[in-house]
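Take a look at the structure set out below.
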Amino acid sequence: MTVRPCPVCGRQTARLLYRPAAAPGPVSECCGCSMVYVAEVTDNRALIVEGPVVPEGVDPRILTSSNLDDVRNSWEFELLPLKEAEWPAVRRNAAHALRRLDKHARLGPSDRRILDFGSAWGFFLAVAKEHGWEAYGLEPLPASAVYARAKFGVTVKADTLREDTFPAQFFDAITAFQVFEHLPNPAGDLALLRRMLRNGGILLIEVPNIRTWSVRVLRSRHRHFVQDHLNFFSAETLRRLLTETGFEVVDEYCPTRRMTVRYLIECWAARCLPALVPVLRSIAKRAGAWDRVVAINIGDIVAVIARKLE
């Protein structure tokens with residue numbers, strides 16, 4: 001068992017909130033700043049503490065490969081068809097985030113270098129590239145990094161974040177979508193990202209929102225509580241983490257997520273209402289709505305944009 005201090009204020013005292021069946025440990029609330037987090041990690045099997053994640057016996061050349069044949073047998077590729085089917089919706093979500101970044105960025109004509117921290121399959125990087133950004137990614141799962149390089153021609157390092165991953169003040173913007181909830185030391189990683197961001201540069205962090213009506217209703221059964229989530233931010237605790245690390249918060253919002261009906265049923269409903277999935281799947285297909293893109297915003301995701309102070 002690993003005992004963690006509060007990832008925002010460092011306090012050691014927390015009160016128990018929930019014992020979710022799938023979480024890596026009991027979920028507690030800090031008595032100092034009200035940050036919600038896993039204070040005692042009892043199951044770390046799904047956590048990525050040190051990367052890259054290369055299975056035993058796999059050729060390490062996948063860390064830099066751009067050849068999909070090197071990773072086609074990876075377990076990650078079992079997830080890819082559903083992700084690829086979401087490309088039209090993902091493109092719209094990424095474009096919205098980029099427009100929001102541009103609204104707050106103070107960019108010169110050549111200030112268009114962006115890092116997606118936790119870049120997964122590279123879909124966001126592909127859209128950023130289309131919008132004129134010089135796109136970089138960091139992703140601990142090598143097969144996803146290989147796919148991003150091969151499919152979109154972007155630069156992705158397969159690793160976890162380190163002090164020397166990129167030079168100081170290298171990026172004009174950094175994004176992190178659904179990443180900070182996974183980090184054992186979010187304050188430490190944020191400090192490293194700040195070092196890599198130029199003065200006045202923009203950072204966008206998007207995380208699950210713990211202060212929402214659906215968590216109050218579903219409690220320990222909420223979809224936020226899964227095997228690799230350690231931190232459960234609200235707008236307030238995320239804002240505090242940023243301001244105490246040398247950022248000025250310039251925007252916060254609950255993003256509207258666009259997804260196909262297919263993804264809504266196969267991912268969201270499968271997690272919350274698995275017994276209803278066959279019925280919902282049949283209804284959606286008969287109605288011709290399987291590939292329809294819908295917009296959903298129930299407030300259980302929060303995004304904060306902040307500027308690095310000099």
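For the pair His222/Pro20, no side-chain contact is recorded, criterion being any heavy-atom separation below 4.5 Å from C-beta on. When side chains are defined from C-beta on, Ile114 counts as touching Leu101, because their heavy atoms get closer than 4.5 Å. With contacts defined as side-chain heavy-atom distances shorter than 4.5 Å, the pair Tyr147/Phe123 qualifies.
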Item to check | Residues Thr260, Glu86; criterion side-chain hydrogen bond (donor to acceptor under 3.5 Å, both in side chains); working and verdict | outcome: CA-CA 7 Å; Thr260 61; Glu86 286 301 292; 2.2 Å; yes
Checklist entry - Run the salt bridge (charged side-chain N to carboxylate O under 4.0 Å, His left out) check on Arg100 and Glu206 step by step: do they pass? => result CA-CA 13 Å; Arg100 203 109 186 190; Glu206 178 187 290; over 6 Å; no
Next on the checklist: Set out, in order, the CA-CA distance, both residues' side-chain angles and the distance that settles ring-ring contact (aromatic ring centres under 6.0 Å, His included) for Phe233 and Tyr37, then state yes or no.
Outcome noted: CA-CA 8 Å; Phe233 291 94; Tyr37 67 106; 10.0 Å; no
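A donor-acceptor contact closer than 3.5 angstrom links the side chains of Asp116 and Thr175. Looking at Glu76 and Ser144, their side chains do bring a donor and an acceptor atom within 3.5 Å of each other.
A cation-pi contact links Lys285 to Trp290, judged by a cut-off of 6.0 Å to the six-membered ring centre and 45° from its axis. Geometrically, Arg113 engages Phe170 in a cation-pi contact, judged by NZ or CZ lying under 6.0 Å from the ring centre and within 45° of the ring axis.
Aromatic ring centres of Phe177 and Phe117 lie farther apart than the 6.0 Å criterion allows. Taking the six-membered ring for Trp and the full ring otherwise, the centers of Phe171 and Trp133 sit at least 6.0 Å from each other. Taking the six-membered ring where the residue is Trp, the centroids of His224 and His229 are separated by 6.0 Å or more.
Within the structure, the salt bridge (Lys or Arg N to Asp or Glu O under 4.0 Å) test picks out the following pairs touching residues 176-202 (sequence neighbours left out): Asp172-Arg198.
A salt bridge links Asp69 to Arg72: at least one charged side-chain nitrogen sits closer than 4.0 Å to a carboxylate oxygen.
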